[in-house]
Amino acid sequence: MRKYRTVPENLISEQREFAKKVKDINCRSAKEGNVRYAYVLTFGCQQNEADSERIAGMCESMGYTLCKEPDIADLIIVNTCAIREHAEKKALSIIGQFKHLKESKPDMLIGVCGCMVTQEHRKNQIKHSYPYVDFVFGTSSIYRLPGIVFDKLSKNKRIFCPEEAEYLVAEGMPVARESDFRAWVSVMYGCNNFCTYCIVPYVRGRERSRSSEDIVAEVGELVGKGYKDITLLGQNVNSYGKDAPDEHGNTFDFADLLERLDKIDGDYYLRFMTSHPKDASSKLIDVMSRSKHIARQFHLPVQSGSDRVLTRMNRHYDTSKYLGIVDYMRKKIPDVTLTTDIIVGFPGETEEDFNATLDIIEKVRFDMIYSFIYSPRKGTLAAEMEDRIPDEVKKARFERLLELQNSIALEKNLPLVGKVLKVLCDGESKNNPEVFSGRTEGNKIVMFDKDIARKGDFVNLKIVRAETFALYGEAAD
Ligand code: 5AD
Ligand code: SF4
């Protein structure tokens with residue numbers, strides 16, 4: 001028997017009882033003609049989006065109707081991010097704007113949750129500088145939302161939920177998914193790596209895996225409902241299962257999990273993120289190469305092309321190990337789409353270090369790069385490093401990196417012209433509502449005429465034009 005660190009069932013059912021009590025209150029109000037609305041606003045990564053779908057699910061179980069505008073909401077929940085300063089500034093500014101809403105609608109409840117307020121100093125900032133925020137809860141207490149809302153409605157006291165002693169997996173919570181054809185499925189939570197720049201281990205606790213049975217059941221149910229693109233989430237998916245060995249010390253690892261999930265019948269893609277190069281195994285790549293459903297796409301953050309910087313980042317691999325993984329991947333899956341994350345301007349990054357980053361980008365030729373200017377995070381080791389890079393140097397390096405990557409991305413997209421690609425239609429393009437957009441197996445964006453496909457359907461498109469960030473397609477036959 002594997003032991004998974006889950007929230008005890010009695011605590012989950014306690015929350016279900018609270019949800020029912022809030023629902024009673026909301027149903028009474030609805031009968032009097034006042035439907036209660038909840039608005040959930042999300043900042044940050046896919047993990048936060050997945051958390052927000054659980055938060056939205058709990059709101060529904062409390063009798064709230066989900067809405068897309070804060071103005072009509074009776075309950076607003078802001079799910080925040082802490083990965084860079086910019087993300088925190090954006091969240092604080094929006095929370096600031098909600099002050100007027102609250103003044104015009106004093107019964108409205110405003111809650112703030114997520115990574116930003118899992119940090120003590122931000123929790124205190126909300127307490128003292130945003131007095132109209134009714135409750136705050138961190139990433140370890142998401143499942144407690146119904147109890148918090150019930151308390152707030154009955155006692156009218158501000159609530160600042162303390163973090164749990166141990167961060168656990170909460171199963172059996174309702175979920176209101178944003179899409180009916182793309183889905184997130186968390187396979188594990190937390191991170192043990194403590195990369196020196198990163199706040200995540202401080203705000204999401206230690207690694208804990210969900211049971212493979214729960215994951216297989218969730219993915220099976222999604223495929224049964226017609227979901228076509230399922231992304232498995234974890235801060236470091238390659239650590240999956242390591243915290244839950246069986247009685248003989250054997251683990252059911254991420255490659256085993258993928259192999260098991262791939263057996264689920266249906267027309268769908270499985271994706272996963274994020275992989276850490278220190279644990280990306282050849283076993284994983286072998287499973288991908290012989291799988292039916294795993295998209296031939298791999299996101300493998302390298303962060304820097306300088307071994308000296310990688311050591312200072314506490315990444316536990318060097319560029320030769322990284323390039324070895326890429327070589328093996330391309331040998332086994334020649335047409336794999338490769339993407340990465342890069343941090344520019346890490347403390348002490350010299351011109352030579354930065355050139356080494358440009359060098360690895362030239363060598364690997366990624367299809368896409370998510371690049372970030374280093375942002376010091378309070379409490380992390382890198383924030384204490386003295387040799388900070390001036391802003392203008394960081395920005396100039398960032399521009400050079402973009403210029404190089406844009407030319408590579410275009411070069412990688414051009415040979416796709418004339419090819420027929422299977423594309424999952426997402427409906428109207430966000431950039432141009434006149435056309436539809438969709439994504440390929442490699443997660444590349446394709447634009448096409450609206451009469452070719454319906455939202456949520458796969459369609460075969462002949463690529464007729466390629467740009468740096470998008471492809472353009474026509475009906476293939
Ligand atoms: N500054 C800039 N980028 C960061 N990332 C994580 N922490 C920081 C930081 N302090 C980037 C990393 C990570 C991605 C999700 O965000 O590249 O892979
Ligand atoms: Fe942050 Fe490193 Fe963990 Fe990723 S692996 S979440 S970058 S500490």
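All ligand and atom numbering here is 1-based and tracks the order in the structure. Counting from 1, the numbers follow the sequence of the chain as shown. Side chains included, hydrogens not; waters and symmetry mates left out as well; all remaining heavy atoms used. Nothing here was measured: the structure is a model prediction, and the numbers come from that model.
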Strictly distance-based, threshold 3.5 Å: is any side-chain N or O of Glu207 a donor or acceptor partner for the main-chain N or O of Met188?
no
Applying the side chain to side chain contact (heavy atoms under 4.5 Å, CB included) test to Cys113, which of Ile55, Val78, Leu145, Thr139 qualifies?
Ile55
Atoms in ligand 2 flagged as close to Pro201, the criterion being non-hydrogen separation under 4.0 Å:
8 (S)
Ligand-side contact atoms (ligand 1) for residue partner Gln303, heavy atom cut-off under 4.0 Å:
12 (C), 13 (C), 17 (O), 18 (O)
Report the part of Thr380 in contact with ligand 1, treating N, CA, C, O as backbone and CB onward as side chain, heavy atoms under 4.0 Å; options are side chain, backbone, both, neither.
neither
May I ask which of Val302, Asp341, Thr196 has a heavy atom nearer to atom 13 (C) of ligand 1 than the others do?
Asp341
Quick one: look up the protein heavy atom nearest atom 1 (Fe) of ligand 2 and list residue, atom name and how far away it is.
Cys198 SG, 2.2 Å
Heavy-atom contacts with Ile373 under 4.0 Å: which atoms of ligand 1 show up? List them by number with element.
1 (N), 2 (C)
Residue among Lys321, Lys242, Arg315 satisfying salt bridge (charged side-chain N to carboxylate O under 4.0 Å, His left out) with Asp279:
Lys242
For the residue pair Tyr328 and Asp286, confirm or rule out a side-chain donor-acceptor distance under 3.5 Å.
yes
I need the nearest protein heavy-atom contact for atom 11 (C) of ligand 1: residue, atom name and distance, please.
Arg84 NH1, 3.3 Å
Kindly state whether the ring of Phe98 and the ring of Tyr130 have centres lying under 6.0 angstrom apart.
no
Cys191 backbone or side-chain N/O/S under 2.8 Å from atom 3 (Fe) of ligand 2:
yes
Would you say the ring centers of Phe346 and Tyr374 fall short of 6.0 Å from each other?
yes
What are the atoms of ligand 1, with element, lying closer than 4.0 Å to any heavy atom of Arg377?
10 (N)
For atom 7 (N) of ligand 1, tell me which residue out of Tyr370, Phe346, Tyr374, Tyr197 has the closest non-hydrogen atom.
Tyr197
For atom 2 (Fe) of ligand 2, which protein heavy atom lies nearest, and how many Å away is it?
Cys195 SG, 2.4 Å
Report the nearest protein non-hydrogen atom to atom 4 (Fe) of ligand 2: residue, atom name, distance rounded to 0.1 Å.
Gln235 O, 4.2 Å
Would you say the side-chain atoms of Asp426 and Ser437 include a donor-acceptor pair closer than 3.5 Å?
no
Top protein contact for atom 5 (S) of ligand 2, by heavy-atom distance:
Asn193 ND2, 3.4 Å
In ligand 2, the atoms that come under 4.0 Å of a heavy atom of His276 are 5 (S)
Would you mind listing which atoms of ligand 2 come within a distance below 4.0 Å of any non-hydrogen atom of Arg315?
2 (Fe), 7 (S)
Just which atoms of ligand 2 are under 4.0 Å from any heavy atom in Tyr197?
7 (S)
Mutual orientation of the aromatic rings belonging to Tyr268 and His293 [parallel < 30°, tilted 30-60°, perpendicular > 60°]:
parallel
Aromatic ring proximity, centroids under 6.0 angstrom, His299 and Tyr370
yes
With a 4.0 Å heavy-atom cut-off (strictly under), which part of Val200 contacts ligand 2: side chain, backbone, both or neither?
side chain
